[in-house]
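Notes to accompany the following structure.
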Number of protein chains: 2
Amino acid sequence: MKSAAKAQQAEDSAETGAQQIRDAIREAIVERRLSPGTKLSESDVGNLFNVSRTLARAALQALSYEGLVSVEKNRGAFVAYPSPEEARQIFSARRLVEPGILREAAARITPDDIAHLRQLLLEEGRLMSERGQTARRAEIKASGDFHLTLALISGNSIMQRFMEELVARSSLVIALYGQSTASSCGHSEHGDIISAIEANELDRACQLMLHHIAHIEADLDLRERKSLGLKEAFEL
Amino acid sequence: MKSAAKAQQAEDSAETGAQQIRDAIREAIVERRLSPGTKLSESDVGNLFNVSRTLARAALQALSYEGLVSVEKNRGAFVAYPSPEEARQIFSARRLVEPGILREAAARITPDDIAHLRQLLLEEGRLMSERGQTARRAEIKASGDFHLTLALISGNSIMQRFMEELVARSSLVIALYGQSTASSCGHSEHGDIISAIEANELDRACQLMLHHIAHIEADLDLRERKSLGLKEAFEL
DNA sequence: GATGGCAATATTGTATACGATTTTCTGCAC
DNA sequence: GTGCAGAAAATCGTATACAATATTGCCATC
């Protein structure tokens with residue numbers, strides 16, 4: 001075995017149409033090409049991907065289970081527009097689980113895994129220095145990949161899936177409430193965490209992780225804004 | 001505010017058909033009326049609930065996202081048959097998140113919440129002394145409700161949903177690999193945890209929770225068995 | 001009698017059709 | 001011009017229909 005990250009489940013390959021659409025939309029949401037609140041009508045989605053409403057609907061349903069889109073009965077699906085309260089819960093959940101994931105990952109980590117993580121870091125750094133939308137989007141993805149890779153290394157596919165959801169939803173939150181232009185969570189902090197793991201200073205690594213998450217959250221301005229409609233603005 | 005457990009999201013009421021079916025099947029799985037491996041064909045489910053395959057399919061898809069049923073491409077849906085490895089991961093995840101949830105819950109808990117927990121405990125104890133299938137099923141549910149209520153009290157709806165998944169899947173695991181006739185996880189341990197919370201001995205409460213989970217897991221015989229088909233029995 | 005392939009059957013994958021609900025537009029009364 | 005009622009349009013909720021795939025049974029063949 002070369003790497004603890006080998007766990008990749010085989011999948012039956014040939015995803016069933018709906019899954020492809022789901023993945024495509026999810027990627028668009030995470031990379032912030034789709035803004036929170038954007039309407040995703042079943043017909044439009046179906047036409048866009050040249051499939052029937054049946055599949056479009058299935059994809060949207062799936063995304064709603066992940067909290068990335070919200071479907072309102074008889075009204076349609078929208079890219080999720082997390083409330084400040086939801087945002088707090090998302091980061092609260094991350095503070096709760098990421099140290100634990102880190103500990104498990106550290107227990108199983110191999111030199112190959114560390115090399116992989118450093119590779120990701122390098123890529124992330126490269127993207128940070130570039131300009132342009134596409135670089136920014138790739139950077140967002142790379143930044144999340146660090147956290148996801150740790151979950152992968154931990155070898156627990158359940159926690160891995162959960163982290164995927166949390167990272168994706170975090171992207172939405174940052175899109176809505178992020179202040180600093182530098183959308184990246186502190187890049188250097190990722191490196192520090194790896195170093196701490198490598199030095200086998202587990203407690204310190206966890207502390208760094210907590211600080212890192214706090215750092216991301218501190219960059220948010222969690223106040224109601226960008227009223228999705230006048231409705232929500234006045235009914236609460 | 002009377003209780004931190006008030007958070008219950010309002011829901012748009014009138015669940016959309018598919019959700020009702022999903023809930024009904026989930027309950028049947030959690031209460032172990034449906035055994036792991038049982039085939040859930042779309043037509044059968046549809047006929048059973050007097051709806052079209054469309055809704056049956058949607059319900060089954062939803063359950064697959066929760067890990068309670070596994071759908072195999074072009075073959076159908078089956079009540080999930082968690083592997084020993086999956087079982088380990090489920091309990092690993094619980095060990096990882098439940099102490100954290102407990103801590104958050106303890107920080108927000110009100111006297112009303114404690115009363116509610118003790119109420120659950122009482123009910124659980126009553127069911128334990130009863131005989132019969134229905135009592136056993138109610139006991140299973142009550143035992144899980146303790147953990148779910150803690151998540152509810154924590155006020156984090158994301159962790160709450162995650163715990164719902166973990167508890168439900170745990171029920172499947174216990175159904176498959178549980179040894180002791182007493183399907184309940186140590187009932188008294190629940191009481192001890194509440195007491196520790198009440199006494200504000202948070203670290204001890206977490207320790208008790210970890211022991212509690214370990215105790216449940218220790219009652220499992222995690223070896224391959226009851227071959228779902230000949231395939232799985234020989235291909236690994 | 002065992003084996004391989006073909007037909008029949010059953011089940012899922014996807015598309016289309018129709019009814020229900022919501023939203024939007026229009027026109028009339030005030 | 002404002003406001004409300006009703007019609008028209010758009011969109012979702014569900015059912016049905018058809019195509020694709022997998023499973024099963026049968027028969028010819030070796």
Side-chain angles (χ1 to χ4, degrees), chain A residues 10-25 34 37-66 68-81 227-235, chain B residues 10-25 34 37-66 68-81 227-235:
Chain A
E11 291 282 358
D12 228 42
S13 73
E15 291 183 321
T16 173
Q19 282 167 299
Q20 290 178 252
I21 297 170
R22 164 173 64 80
D23 293 342
I25 298 179
L34 282 170
T38 302
K39 167 141 197 180
L40 302 172
S41 93
E42 297 176 354
S43 314
D44 290 351
V45 172
N47 290 342
L48 187 57
F49 291 93
N50 288 106
V51 296
S52 72
R53 264 185 57 217
T54 306
L55 292 191
R57 184 185 180 81
L60 292 172
Q61 282 294 124
L63 288 168
S64 92
Y65 293 124
E66 303 178 26
L68 289 183
V69 317
S70 70
V71 302
E72 300 178 27
K73 192 175 156 76
N74 276 313
R75 285 194 17 96
F78 305 83
V79 178
Y81 195 101
S227 61
L228 170 53
L230 302 178
K231 278 192 279 188
E232 288 79 359
F234 288 97
E235 76 186 3
Chain B
E11 291 283 0
D12 228 42
S13 73
E15 290 182 321
T16 174
Q19 282 168 298
Q20 289 178 250
I21 297 171
R22 163 174 63 80
D23 293 342
I25 297 179
L34 281 170
T38 303
K39 168 141 196 179
L40 301 172
S41 93
E42 298 177 354
S43 314
D44 291 350
V45 172
N47 291 341
L48 188 57
F49 291 93
N50 288 107
V51 295
S52 72
R53 264 184 58 217
T54 306
L55 292 191
R57 185 184 180 81
L60 292 171
Q61 283 294 126
L63 287 168
S64 92
Y65 293 122
E66 304 178 25
L68 290 183
V69 318
S70 71
V71 302
E72 299 177 30
K73 191 174 155 75
N74 276 315
R75 289 197 11 98
F78 305 84
V79 177
Y81 195 100
S227 62
L228 169 54
L230 302 177
K231 275 192 280 189
E232 287 81 358
F234 287 96
E235 77 187 1

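Below, all heavy atoms of this structure are taken into account, side chains as well, without hydrogens, waters or symmetry copies. Chain letters run A, B, ... following the sequence lines, proteins first and then strands; every chain starts at 1.
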Measure from [atom1] on [X] to [atom2] on [N] and round the result to the nearest Å.
X	N	atom1	atom2	answer
A:Q19	C:dG13	CD	C1'	12 Å
B:L55	D:dA15	CG	C1'	8 Å
A:N50	C:dT16	CG	P	11 Å
B:Q61	C:dT12	CD	C1'	11 Å
B:L60	C:dG13	CG	P	10 Å
A:N47	C:dT16	CG	P	11 Å
B:E72	C:dG13	CD	P	11 Å
B:E42	D:dA15	CD	C1'	14 Å

side-chain contact (heavy atoms from CB on, under 4.5 Å) against A:A59, all qualifying residues, sequence neighbours excluded: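 Testing A:A59 for side-chain contact (heavy atoms from CB on, under 4.5 Å), a comparison that skips the adjacent residues, returns A:I21, A:R22.
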
Could you pull out all residues at least two apart from A:T54 that satisfy side-chain contact (heavy atoms from CB on, under 4.5 Å)?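 A:T54 satisfies side-chain contact (heavy atoms from CB on, under 4.5 Å) with A:S52 only.
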
Please list, chain by chain and in numerical order, all residues satisfying side chain to side chain donor-acceptor pair (under 3.5 Å) with [X], sequence neighbours excluded.
X	answer
B:S41	B:D44
B:N74	none
B:E42	B:R53, B:R57

Closer than 4.0 Å, any side-chain N/O of B:R75 to the OP1 or OP2 of D:dT23? yes

Under 4.0 Å: is that the gap between some side-chain N or O of A:R57 and OP1 or OP2 of D:dG13? yes

Tell me what A:V71 touches on the nucleic acid: a base, only sugar-phosphate, or nothing, going by heavy atoms under 4.0 Å. nothing

One would report the end-axis bend of the helix from C:dG1-D:dC30 to C:dC30-D:dG1, five pairs per end and rounded to 10 degrees, as 10°

Working to the nearest 0.5 angstrom, can you tell me the gap between A:Y81 OH and A:T38 OG1?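 Answer rounded to 0.5 Å: 10.5 Å.
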
Go through D:dT16, C:dG13, D:dG13 for me and flag the one nearest to the B:S52 side chain. D:dT16

Under 3.5 Å, which protein N or O atoms sit close to an N or O of nucleotides 18-20 of chain D? Give each pair with its distance.
none

With heavy-atom distances below 4.5 Å as the criterion, would you say the side chains of B:L40 and B:L63 are in contact?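 Side chain of B:L40 against side chain of B:L63, heavy atoms only: no contact under 4.5 Å found.
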
Contacts of B:D44 and B:T54 projected onto DNA chain C by closest heavy atom; the upstream (5') one is B:D44

For B:V71 versus B:A77, what's the shortest heavy-atom pair and its separation? CG1-CB, 3.7 Å

Where do B:G37 and B:F78 come nearest, in terms of heavy atoms and distance?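 Looking at all heavy atoms of both residues, the closest pair is O-CD2, 3.7 Å.
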
